[in-house]
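Contents: one structure, followed by commentary.
Counting begins at 1 with the first residue of the sequence.
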Amino acid sequence: MKRKRKEQSGGASEEGEVVWQTPLNPPERQDYIFREGRRYVAPYHFEFISHVKSRWAGKTIVDLFAHEFKGRPYEYYVSAVECGRIQVEGRAVPVSYIVKSSEKISHFVHRHEPPVTSHGVSILQKEPDVVTVCKPASIPVHPCGQYRKNTVVGILQAEHGLAPLFPVHRLDRLVSGLLIFARNASKADLFRQQIEGGLVQKRYIAMVVGEFPENELEVNVNINYDAREGRSTAEAGDPTCDTVLLKGKAACTKFTRISTNGTHSIVLCEPVTGRTHQIRVHLQFSGHPIANDMLYLSEQRTNRSAEGMVADKAVGLSSESSVSDIRQNDKEEEPCIEFSTDPMCTNCPNLAPKGYDGSEEGLWLHCIRYSGPGWVYECPYPDWASLG
């Protein structure tokens with residue numbers, strides 16, 4: 001629901017009132033701005049709600065935010081508490097306030113979402129209880145991190161009135177292809193049971209480096225996902241050997257070469273299990289990584305949690321700059337267009353959030369087919385799938 005709240009200082013309207021959105025507000029068609037091949041979301045005022053975790057208790061409200069949410073400078077959090085944009089249990093508190101476990105904290109922000117491709121989410125099939133779509137690369141499936149409206153679920157609701165939708169499976173943000181949505185909870189549960197029962201077959205295609213082996217290749221290697229680094233690693237070794245301790249989860253993928261020109265190959269990928277980045281890691285392990293997968297093209301690891309190399313990591317970067325310094329540094333990057341700026345926002349006057357470099361490329365990995373007991377859903381091949 002939307003609600004108005006007067007600012008204690010400043011304000012975004014003549015009357016000092018701002019309309020704050022919550023997760024209950026559905027995305028609308030007019031929320032989007034299209035510019036130079038990208039879909040932006042017009043920045044909007046949003047209320048983030050969380051509850052104090054036990055490890056946060058005993059900290060001052062400012063220190064809590066400065067230590068746990070490093071996307072904004074310390075000075076911002078001081079100002080946000082002082083003017084009431086950070087509240088505890090619905091009331092303003094002093095900057096010296098000591099938080100207690102389980103208390104409700106509200107953070108009222110001017111939210112800027114990262115842009116995604118302007119390519120539409122095309123509907124492949126619409127049935128009474130199932131919708132299938134072709135997801136473009138760069139768009140996350142559902143709200144996560146900095147993304148809420150710029151998601152497949154958000155776009156389908158805003159542009160096609162499709163809600164509620166229950167994702168049957170997920171694709172990484174940079175992966176394209178078939179997505180299946182159930183239109184009710186009972187159908188979603190049926191799909192879940194079939195997937196957990198091993199009754200669903202999945203097919204992807206990828207463009208990889210080098211001449212892939214002609215015969216079918218099965219990679220059966222554990223995968224260990226590091227959430228902090230945002231990447232997985234393959235764990236070679238014999239899990240039946242007492243001297244080998246494998247931390248990762250069992251994973252298996254079958255690969256079949258479709259075509260090759262000697263430099264690159266198009267490969268059919270059939271994951272038997274469903275681990276994070278499974279296909280990407282198993283292709284790397286085979287010596288034929290996805291040809292434009294910068295995360296897995298080499299064994300050299302970068303400290304992504306510190307460097308913030310991708311848009312959805314950038315929000316976690318710490319900054320020693322003051323709010324005024326940030327505004328000054330951003331002025332030359334992107335002009336303010338088609339939305340109202342917020343005097344306290346550390347991202348204004350840009351459309352994209354601070355730290356977004358916009359240089360990401362969609363992976364050459366595409367979901368083409370899911371099938372199960374009595375059903376098959378397919379997606380057209382992408383343009384890059386031909387080596388001609």
Side-chain angles (χ1 to χ4, degrees), residues 167-180 191-260 264-301 304 363-373 376-379 381 385:
V168 172
H169 63 105
R170 289 164 176 78
L171 299 177
D172 288 348
R173 187 171 57 83
L174 298 181
V175 176
S176 58
L178 175 70
L179 268 179
I180 305 171
F191 277 123
R192 179 189 60 78
Q193 293 177 30
Q194 292 178 355
I195 291 173
E196 292 179 352
L199 303 177
V200 175
Q201 292 77 48
K202 301 163 277 187
R203 290 186 178 182
Y204 295 71
I205 56 168
M207 182 189 295
V208 304
V209 173
E211 187 172 341
F212 201 83
E214 186 174 2
N215 297 326
E216 180 183 272
L217 174 66
E218 181 175 306
V219 178
N220 204 332
V221 177
N222 281 29
I223 289 179
N224 187 19
Y225 178 65
D226 186 332
R228 180 175 178 81
E229 294 299 318
R231 62 175 289 153
S232 296
T233 53
E235 293 185 333
D238 184 357
T240 64
C241 179
D242 292 338
T243 61
V244 177
L245 180 61
L246 300 182
K247 298 180 181 179
K249 297 180 179 180
C252 178
T253 313
K254 298 177 181 179
F255 299 103
T256 306
R257 190 178 82 189
I258 297 175
S259 61
T260 184
H264 295 96
S265 301
I266 301 297
V267 177
L268 174 67
C269 315
E270 299 177 274
V272 179
T273 52
R275 310 304 182 196
T276 302
H277 295 185
Q278 175 175 318
I279 294 174
R280 299 165 67 180
V281 174
H282 278 177
L283 283 170
Q284 180 199 43
F285 182 83
S286 75
H288 300 274
I290 295 174
N292 69 340
D293 190 349
M294 302 310 296
L295 188 58
Y296 294 107
L297 267 173
S298 73
E299 293 294 339
Q300 180 181 0
R301 298 189 188 186
R304 295 169 74 242
L363 287 174
W364 288 330
L365 178 62
H366 184 87
C367 182
I368 58 170
R369 188 176 193 265
Y370 263 62
S371 60
V376 176
Y377 295 110
E378 296 182 303
C379 184
Y381 280 46

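- When all heavy atoms are compared, the tightest approach of T273 to A251 is OG1-CA, 3.2 Å.
- Using the six-membered ring where Trp is involved, F255 and H282 have ring planes that are perpendicular, over 60° apart on the 30 and 60° scheme.
- S265 contributes a side-chain N or O that, together with a main-chain N or O of G210, makes up a donor-acceptor pair within less than 3.5 Å.
- With rounding to the nearest 0.5 angstrom, the CD1 atom of I279 is 8.0 Å from the SG atom of C367.
- Looking only at distances, a side-chain donor or acceptor of H288 sits under 3.5 Å from a matching main-chain atom of V209.
- Expressed to the nearest 0.5 Å, how far OG1 of T276 lies from CG of N224 amounts to 10.5 Å.
- Listed here is the closest heavy atom pair of H264 and A291: CD2-CB, 3.5 Å.
- The two residues N222 and G248 have their closest heavy-atom pair at ND2-O, 3.2 Å.
- A salt bridge (Lys or Arg N to Asp or Glu O under 4.0 Å) with E270 is found for one member of R203, K254, K202 and no other, namely R203.
- Between H366 and S176, the shortest heavy-atom contact is ND1-OG, 2.7 Å.
- Residues passing the side chain to side chain contact (heavy atoms under 4.5 Å, CB included) test with N292 are I290, E361, L363, W364, sequence neighbours excluded.
- The two residues L283 and C269 make their nearest non-hydrogen contact at CD1-SG, 4.4 Å.
- Taking the six-membered ring for Trp and the full ring otherwise, H277 and Y296 have centroids separated by under 6.0 Å.
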Next item on the list: Determine, stepwise, if the pair T253 / E218 fulfils side chain to side chain contact (heavy atoms under 4.5 Å, CB included).
Entry: CA-CA 6 Å; T253 313; E218 181 175 306; over 6 Å; no
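- If you take CD on Q284 and OG1 on T233, they are separated by 9.0 Å, rounding to the nearest 0.5 Å.
- Separating the CD atom in E378 from the CD1 atom in I368 is a distance of 7.5 Å, to the nearest 0.5 Å.
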Notebook entry, point to check: Can you check side chain to side chain contact (heavy atoms under 4.5 Å, CB included) on V272 and N220, steps first, answer last?
Noted result: CA-CA 10 Å; V272 179; N220 204 332; over 6 Å; no
Item checked: Stepwise side chain to side chain contact (heavy atoms under 4.5 Å, CB included) test for L174 and D293 -> CA-CA 10 Å; L174 298 181; D293 190 349; over 6 Å; no
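- For the pair R275 (side chain) and A250 (backbone), a donor-acceptor distance under 3.5 Å is present.
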Note to self: Assess the residue pair L178 and Y377 against the criterion (side chain to side chain contact (heavy atoms under 4.5 Å, CB included)); give the C-alpha distance rounded to whole Å, side-chain angles, the decisive distance to 0.1 Å, and a yes or no.
What the structure shows: CA-CA 8 Å; L178 175 70; Y377 295 110; 4.1 Å; yes
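- Salt bridge present: E211 and R257 bring a charged side-chain N and a carboxylate O closer than 4.0 Å.
- In terms of heavy atoms, I223 sits closest to S232 at CG2-CB, 3.6 Å.
- With sequence neighbours excluded, the residues forming a side chain to side chain donor-acceptor pair (under 3.5 Å) with Q193 are D189, listed by chain and number.
- For Y204, there are no ring pair (Phe, Tyr, Trp, His ring centres under 6.0 Å) partners at least two apart in sequence or on another chain.
- Expressed to the nearest 0.5 Å, how far CE of M207 lies from CD1 of I258 amounts to 11.0 Å.
- If you take CD on Q201 and OH on Y370, they are separated by 11.0 Å, rounding to the nearest 0.5 Å.
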